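Here the structure comes first, spelled out in structure tokens, and everything after it is commentary.
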Amino acid sequence: MASRTPRRTAEALLAPALALGATVGLASAPAQAAVWSSCDQWGNTSLNGYTLYNNIWGSGAGSQCVWANSGTNWGVNANHPDTGGIKSYPNAKKVINKPITSLGSLSSGYNVSVPSSGAYNTSYDIWDTDHDYEIMLWVNYNGAVGPLGTSQGDVTLGGHTWTVYKGSNGANAVFSFLRTSDSSSGTVNILSILKWIKDTKHWFGNETIGDVQFGYEITSSSGGLNFTTNNLTVSSS
């Protein structure tokens, strides 16, 4: 399976824009009026406690636009060529900024509509504040995509059964949890997964969890494909 390249959304906003040319403006928001939309490479806004990012970060990208009715209802139209390599990770981010042992709960609910073609994954991307560790939760995926690292077997955690991969991208450790069957809606007990990594596997200590991101890691979407987050909630205590 193809390896993935890390993306750090917050840092990407500071990076120089890639030469995407006029193609960035070709995709369009949906017909209904949205509260916010952007076709800019690093387009972003804050809505209802979530930060939305267009986040076209990979080389060889095509056009992509993000729209949002709220921080929890948003979508993307993307037209990226089938050339391999991740092109973008449009996402919504919720900031947590709490050590694992200080969290009483951390959970999320999702409901998405995704295309049957293209190469992508629908995933949570969870970071510690130092960006030493990246935890990805793939709830569905399609086409020629795959995680970094080697399989650690299957585990049932947080209300789902996952195949776990452990690896590194050279800058940080990456723990990827791939749901063993595709899901378009559900809830995830994220804290139970973090505690399993910390207390059962001892892959990290009492890390401070910075961001919980949720979005679409898109490798190809030729012809223009739509990805819709019908509803997303991230809650913690």
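It should be emphasised that the depicted structure is a prediction, and the values quoted were computed from it without experimental measurement. The first residue of the sequence shown is numbered 1, and numbering continues consecutively from there.
The CE atom of Met136 lies 3.5 Å from the OG atom of Ser123; values are rounded to the nearest 0.5 Å. Separation of atoms OH (Tyr50) and CG (Asn91) is listed at 13.0 Å; rounding is to 0.5 Å. Note that CD1 of Ile218 is 9.5 Å distant from OG of Ser220, once rounded to the nearest 0.5 Å. Summarising the geometry, atom CD1 belonging to Ile193 is positioned 9.5 Å from atom CD1 belonging to Ile135; distances are rounded to the nearest 0.5 Å. A distance of 5.0 Å separates CG of Leu106 from CD1 of Ile96, quoted to the nearest 0.5 Å. The CG atom of Asn77 lies 4.5 Å from the CG atom of Asn226; values are rounded to the nearest 0.5 Å.
Scanning both residues, Lys87 and Gly60, for their nearest heavy atoms gives CE-O, 3.5 Å. In plain terms, the two heavy atoms of Arg179 and Tyr141 that are nearest each other are O-OH, 3.6 Å. Nearest approach of Gly49 to Lys94, heavy atoms of both residues: O-CD, 3.2 Å. Pro81 and Ala61 make their closest contact through CD-C, 4.3 Å (heavy atoms, listed as atom of the first residue, atom of the second, distance). Asn73 approaches Thr229 most closely through the heavy-atom pair ND2-O, 3.1 Å. For the pair Gly71 and Ala92, the tightest heavy-atom approach, listed with the atom from each and the gap, is O-CB, 4.1 Å.
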For this session: Please report the C-alpha distance between Asn169 and Glu134 in whole Å, then the side-chain angles of each, then the deciding distance to 0.1 Å, and finally whether the side-chain contact (heavy atoms from CB on, under 4.5 Å) criterion is met.
Result: CA-CA 10 Å; Asn169 57 40; Glu134 179 181 16; 4.0 Å; yes

For this session: For the pair Val188 and His160, evaluate side-chain contact (heavy atoms from CB on, under 4.5 Å) and give the outcome as yes or no after the intermediate values.
Result: CA-CA 7 Å; Val188 184; His160 305 263; 3.6 Å; yes

Problem set entry | Evaluation steps, side-chain contact (heavy atoms from CB on, under 4.5 Å), between Leu191 and Ile100 | CA-CA 8 Å; Leu191 183 57; Ile100 294 170; 4.1 Å; yes

Exercise. What do the steps show when you test Phe177 against Ile197 for side-chain contact (heavy atoms from CB on, under 4.5 Å), and what is the final call?
Worked result: CA-CA 11 Å; Phe177 292 70; Ile197 296 172; 3.8 Å; yes

Exercise. Going through the checks in order, is the side chain to side chain donor-acceptor pair (under 3.5 Å) test met by Thr180 and Thr163?
Worked result: CA-CA 6 Å; Thr180 54; Thr163 301; over 6 Å; no

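A search for side-chain hydrogen bond (donor to acceptor under 3.5 Å, both in side chains) contacts involving Thr72 returns Ser70, not counting sequence neighbours. For Tyr120, there are no side-chain hydrogen bond (donor to acceptor under 3.5 Å, both in side chains) partners, not counting sequence neighbours. Under the rule for a side-chain hydrogen bond (donor to acceptor under 3.5 Å, both in side chains), Ser38 has no partner lying at least two apart in sequence or in another chain. Residues passing the side-chain contact (heavy atoms from CB on, under 4.5 Å) test with Ser102, sequence neighbours excluded: Pro99. By the side-chain hydrogen bond (donor to acceptor under 3.5 Å, both in side chains) test, Ser235 is found to be paired with Ser107, residues two or more places apart in sequence or in another chain being considered. The side-chain contact (heavy atoms from CB on, under 4.5 Å) check on Thr187 picks up nothing, with sequence neighbours excluded. Residues meeting the ring pair (Phe, Tyr, Trp, His ring centres under 6.0 Å) test with Trp36, sequence neighbours left out: none. Residues passing the side-chain contact (heavy atoms from CB on, under 4.5 Å) test with Ser46 are Thr51, sequence neighbours excluded. By the side-chain contact (heavy atoms from CB on, under 4.5 Å) test, Ser108 pairs with Tyr124, Ile190, Leu232, Val234, sequence neighbours left out.
Listed by first and then second residue, the side-chain hydrogen bond (donor to acceptor under 3.5 Å, both in side chains) pairs that reach into residues 195-209 are Thr101-Asn206, sequence neighbours excluded.
Put simply, the side chain of His80 reaches to within 4.5 Å of the side chain of Ser88, judged on heavy atoms. For the pair Lys93 and Tyr53, the minimum side-chain heavy-atom distance is below 4.5 Å. Contact annotation: the side chain of Phe204 never approaches that of Asp128 to less than 4.5 Å [non-hydrogen atoms, C-beta and beyond]. At a threshold of 4.5 Å between non-hydrogen side-chain atoms, the residues Trp162 and Trp138 do not count as touching. Counting heavy atoms from C-beta outward, Val76 and Trp67 have side chains that stay 4.5 Å or more apart. Side-chain contact between Ser176 and Leu178: present, with at least one pair of heavy atoms (C-beta onward) separated by less than 4.5 Å. Contact annotation: the side chain of Tyr133 never approaches that of Asn172 to less than 4.5 Å [non-hydrogen atoms, C-beta and beyond]. The side-chain heavy atoms of Ser117 and Leu225, taken from C-beta on, include a pair separated by under 4.5 Å.
With Val66 as reference, Asn54 is the one residue of Asn55, Asn54, Asp40 to meet the side-chain contact (heavy atoms from CB on, under 4.5 Å) rule.
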Return a table of donor-acceptor pairs under 3.5 angstrom between the side chains of residues 109-116 and protein atoms on other chains or two or more places apart.
residue, atom, partner, partner atom, Å
Tyr110, OH, Ser183, OG, 2.7
Asn111, OD1, Asn230, ND2, 2.8
Ser113, OG, Asn230, ND2, 3.1

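Without hydrogens or angle criteria, Ser221 side chain to Gly118 main chain gives no donor-acceptor distance under 3.5 Å. At distances below 3.5 Å, not a single donor-acceptor pair connects side-chain atoms of Asn79 with backbone N or O atoms of Ser63.
Gln152 and Thr150 are linked by a side-chain donor-acceptor pair at a separation below 3.5 angstrom, with hydrogens and angles left out of the test.
Both Ile126 and Leu103 belong to a single network of hydrophobic side chains, linked directly or stepwise wherever heavy atoms of I, L, V, M, F, W or Y lie under 4.5 Å apart. Both Val155 and Val139 belong to a common hydrophobic cluster when Ile, Leu, Val, Met, Phe, Trp and Tyr are linked at side-chain heavy-atom distances under 4.5 angstrom.
Between Trp127 and His131, the ring planes are tilted. Angles from 30° to 60° get that label.
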